[in-house]
Amino acid sequence: PDITPANISALLLSMQAQGKAHATVVKCYTILNSLFKMAFMSDAIPKNPMHKVERPKPRKDEARHDEVEAYTVDEVRHILACLDKEPLKWRVLVRLLIDTGIRRGECCGLQWKDIDFQGNSVTISGNLCYTPQKGVYLDTPKNGRSRTVDVDPDIMALLRALRSEQAAQAISSYVFTQDGSPEPMHPDTPTRYFQRFGKRYGIEHFHPHKLRHTSASLAITNGADVVSVAARLG
């Protein structure tokens, strides 16, 4: 079919009808916009059809989820205070998410070889995923590239303690494992834990991804530039 504004709009609407996330549909719109702009500027096409294509709007059931939510400094202090009452494994995991902003699957996919105790840094080289068809499997990070991020020395100390605690139960290459087992923690387990944690301590909408937004927000508030924060988050 001819590439027309109507056809492109129909494609984007079709993606939404298939249940694609709003962010995914917007990303597709952005890529198409860039491609057609380059084609028009290089005289490969007589006009840019994207000039008449509106940016996709979120579905009504998605509007709430598109809001970028982050905890305030006081809320983070409350979370950390509550965290002191929790098992070591969860103290390390939650502190790591707040400090680095890494994704839930990237955190579950961390292996001890990724931890640089001397340099106080971790290398994000894997992303633990789950599908009913494949089960739990280790994939590459979402953007396909490894990255190394600095970690607070206090969290590195907690990681050392976790390594000793874990070795007394079961030797594993993974940092976060199932209780008493060398198998990696299921990537859905943190979400279920966060729900229970939120109910115990009265923290609304406590979710790993919200800590990712929180990490970025705190970094920018403290003077970090957006490009550096984006690179850190991968």
Side-chain angles (χ1 to χ4, degrees), residues 15-16 18-28 31 62 65 86-117 119 121-151 155-156 158-198 205-216 230-234:
M15 291 178 67
Q16 288 184 315
Q18 293 170 25
K20 299 292 185 184
H22 177 60
T24 300
V25 181
V26 169
K27 187 178 290 184
C28 182
I31 292 171
E62 271 196 311
H65 299 293
E86 296 296 300
L88 177 60
K89 176 171 70 176
W90 294 110
R91 296 207 308 271
V92 179
L93 188 143
V94 175
R95 288 284 302 272
L96 202 55
L97 291 179
I98 295 173
D99 190 51
T100 64
I102 62 177
R103 300 176 178 89
R104 176 193 63 178
E106 293 173 341
C107 195
C108 291
L110 279 177
Q111 299 185 52
W112 289 114
K113 65 180 177 60
D114 300 321
I115 313 298
D116 181 354
F117 286 104
S121 66
V122 299
T123 297
I124 313 301
S125 59
N127 181 37
L128 204 66
C129 305
Y130 169 79
T131 64
Q133 295 77 21
K134 299 175 66 173
V136 175
Y137 64 98
L138 189 63
D139 201 354
T140 59
K142 194 170 183 179
N143 66 357
R145 297 192 300 272
S146 298
R147 67 189 187 281
T148 299
V149 297
D150 295 329
V151 177
I155 299 175
M156 297 303 292
L158 289 175
L159 279 164
R160 287 190 183 91
L162 178 63
R163 184 173 59 174
S164 298
E165 180 181 276
Q166 185 192 93
Q169 301 177 27
I171 300 297
S172 175
S173 61
Y174 284 91
V175 174
F176 299 104
T177 59
Q178 301 172 25
D179 291 339
S181 167
E183 294 299 313
M185 178 188 290
H186 193 288
D188 290 338
T189 298
T191 301
R192 292 193 290 268
Y193 169 79
F194 272 54
Q195 290 172 349
R196 295 193 300 270
F197 184 96
H205 309 303
F206 194 53
H207 189 277
H209 199 67
K210 190 167 181 178
L211 293 186
R212 183 167 162 81
H213 289 309
T214 300
S215 180
R232 182 177 176 86
L233 295 179

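What you see is a predicted model; the values in this text were computed from it and never measured. All residue numbers refer to positions in the sequence shown, counting from 1.
- Taking the side-chain contact (heavy atoms from CB on, under 4.5 Å) definition, one finds that L158 meets it with L88, R91, V92, R95, sequence neighbours left out.
- Applying the side-chain hydrogen bond (donor to acceptor under 3.5 Å, both in side chains) rule to E86 yields the partners Y193, R200, Y201; only residues at least two apart in sequence or on another chain are considered.
- The ring pair (Phe, Tyr, Trp, His ring centres under 6.0 Å) search around Y174 returns none, not counting sequence neighbours.
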Atom pairs and distances, donor-acceptor, side-chain atoms in residues 178-185, under 3.5 Å, two or more places apart:
{"residue": "Q178", "atom": "NE2", "partner": "P184", "partner atom": "O", "Å": "3.2"}
{"residue": "D179", "atom": "OD1", "partner": "K89", "partner atom": "NZ", "Å": "2.7"}
{"residue": "S181", "atom": "OG", "partner": "E183", "partner atom": "N", "Å": "3.0"}

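- Residues meeting the side-chain contact (heavy atoms from CB on, under 4.5 Å) test with I31, sequence neighbours left out: K27, L35.
- Between the NE2 atom of H186 and the SG atom of C129 there is a distance of 11.0 Å, given to the nearest 0.5 Å.
- Here the CG-CE distance, from L162 to M156, works out to 11.5 Å after rounding to the nearest 0.5 Å.
- For the atom pair I124 CD1 and L110 CG, the distance stands at 5.0 Å (nearest 0.5 Å).
- Residues A231 and R147 share a closest heavy-atom pair of O-CD, 3.4 Å.
- The side chain to side chain donor-acceptor pair (under 3.5 Å) contacts involving residues 125-142 comprise D114-S125, where partners must be two or more places apart or lie in separate chains.
- Among residues two or more places apart in sequence or in another chain, the side-chain hydrogen bond (donor to acceptor under 3.5 Å, both in side chains) test is passed with R160 by none.
- For the pair R103 and G234, the tightest heavy-atom approach, listed with the atom from each and the gap, is NH2-O, 3.1 Å.
- We find the CD-CD1 distance between Q166 and I171 to be 7.5 Å, quoted to the nearest 0.5 Å.
- For T100, the side-chain contact (heavy atoms from CB on, under 4.5 Å) test picks out L96, I102, V149, V151, R232, with sequence neighbours left out.
- How far CD1 of I155 is from CG of L97: 9.5 Å, rounded to the nearest 0.5 Å.
- Note that the NE2 atom of H213 and the CG atom of L233 stand 9.5 Å from one another [nearest 0.5 Å].
- Here the side chains of L138 and Q111 are in contact, with some heavy-atom distance below 4.5 Å.
- Scanning for side-chain hydrogen bond (donor to acceptor under 3.5 Å, both in side chains) contacts around R212 gives an empty result, with sequence neighbours left out.
- Residues passing the side-chain hydrogen bond (donor to acceptor under 3.5 Å, both in side chains) test with W90, sequence neighbours excluded: none.
- Under the ring pair (Phe, Tyr, Trp, His ring centres under 6.0 Å) criterion, F194 pairs with F206, not counting sequence neighbours.
- L159 and W112 make their closest contact through O-CH2, 3.5 Å (heavy atoms, listed as atom of the first residue, atom of the second, distance).
- With hydrogens and angles disregarded, a donor-acceptor distance shorter than 3.5 Å links the side chain of T214 to the backbone of K210.
- Checked against side-chain contact (heavy atoms from CB on, under 4.5 Å), R192 has the following partners two or more places apart in sequence or in another chain: D188, T189, R196.
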